Amino acid sequence: MVAIDFESAVVATEDCVTTTIDGEIVLLNNETGRYQGLSGVGPDIWERIQEPTEPVDIVSALVGEYDVERDRVANDVERFLKTLAAEQLIKVDASPTP
């Protein structure tokens, strides 16, 4: 599985097509033919990674929006981004964003 460093930049791949069905975002990787459904906070995170961003910024934003502990959010965001990376739906750049 891909390592997610909270200072790395993550961004949605260009090979991905999205659609919304009954409030759930469905992502399709055109290259692999695999898809992933996003619900709950997933669509919010997906929206944030349309431009390169650091996971630590995603965590901070979600902690500010939802009544949830920072450690829990950090663990959930890391797991979520690892899943997207494994499905080749995001790119991870180890050099920090400018």
Side-chain angles (χ1 to χ4, degrees):
M1 194 164 265
V2 174
I4 301 293
D5 178 339
F6 274 77
E7 308 245 335
S8 298
V10 295
V11 65
T13 64
E14 295 176 9
D15 297 329
C16 185
V17 174
T18 64
T19 191
T20 302
I21 301 172
D22 294 329
E24 179 179 81
I25 292 180
V26 178
L27 313 172
L28 171 67
N29 182 318
N30 282 330
E31 194 170 301
T32 66
R34 296 179 63 145
Y35 68 93
Q36 182 78 27
L38 306 181
S39 59
V41 178
D44 190 9
I45 297 171
W46 181 254
E47 188 69 29
R48 294 176 191 284
I49 61 175
Q50 295 308 298
E51 297 292 328
T53 190
E54 293 178 7
V56 71
D57 294 333
I58 297 169
V59 170
S60 294
L62 294 177
V63 167
E65 286 181 40
Y66 300 96
D67 185 23
V68 137
E69 293 179 12
R70 184 174 202 78
D71 288 342
R72 179 174 178 191
V73 173
N75 289 333
D76 290 349
V77 166
E78 180 180 23
R79 188 172 44 249
F80 180 74
L81 293 175
K82 282 182 177 179
T83 299
L84 293 180
E87 295 296 328
Q88 299 173 17
L89 294 167
I90 63 171
K91 294 178 184 177
V92 180
D93 181 1
S95 59
T97 55

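Index from 1, following the sequence. Note that the structure is a prediction, hence the values are computed from the model and not measured.
- For residues 59-71, the pairs satisfying salt bridge (Lys or Arg N to Asp or Glu O under 4.0 Å) are R48-E65, with sequence neighbours left out.
- Separating the CG atom in L27 from the CD atom in Q88 is a distance of 13.5 Å, to the nearest 0.5 Å.
- In this structure E31 satisfies the salt bridge (Lys or Arg N to Asp or Glu O under 4.0 Å) test with no other residue, sequence neighbours excluded.
- Using a 4.5 Å heavy-atom threshold, the side chains of Y66 and V73 count as separate.
- Taking 4.5 Å as the limit, every side-chain heavy atom of V10 sits out of range of all side-chain heavy atoms of L84.
- Rounding to the nearest 0.5 angstrom, the gap separating the OG1 atom in T19 from the CD atom in E24 is 10.5 Å.
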Legend entry - Working for side-chain contact (heavy atoms from CB on, under 4.5 Å), residues I45 and L62: CA-CA 9 Å; I45 297 171; L62 294 177; 3.8 Å; yes
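- Scanning all heavy atoms of the two residues, the minimum distance from P52 to V11 falls at N-CG2, 3.7 Å.
- Across every non-hydrogen atom of K82 and I4, the tightest pair is CG-CG1, 3.6 Å.
- Enclosure of atom CD in E47 is not indicated, since only 12 or fewer non-hydrogen atoms of other residues, nucleotides or ligands lie within 6.0 angstrom.
- The nearest pair of heavy atoms linking A12 to Q50 is CB-NE2, 3.6 Å.
- A heavy-atom distance below 4.5 Å is found between the side chains of Q36 and L38.
- Taken together through direct or relayed side-chain contacts under 4.5 Å among Ile, Leu, Val, Met, Phe, Trp and Tyr, I49 and V63 form part of one hydrophobic cluster.
- Taking CG of D44 as the start and CD1 of I25 as the end, the distance is 9.5 Å to the nearest 0.5 Å.
- Here the shortest heavy-atom pairing between W46 and L89 reads CH2-O, 3.7 Å.
- The heavy-atom pair separating T32 from E87 by the smallest distance is OG1-O, 4.5 Å.
- With a 4.5 Å cut-off on side-chain heavy atoms, I90 and L81 count as touching.
- Shortest non-hydrogen contact noted between V59 and A74 is CG2-CA, 3.8 Å.
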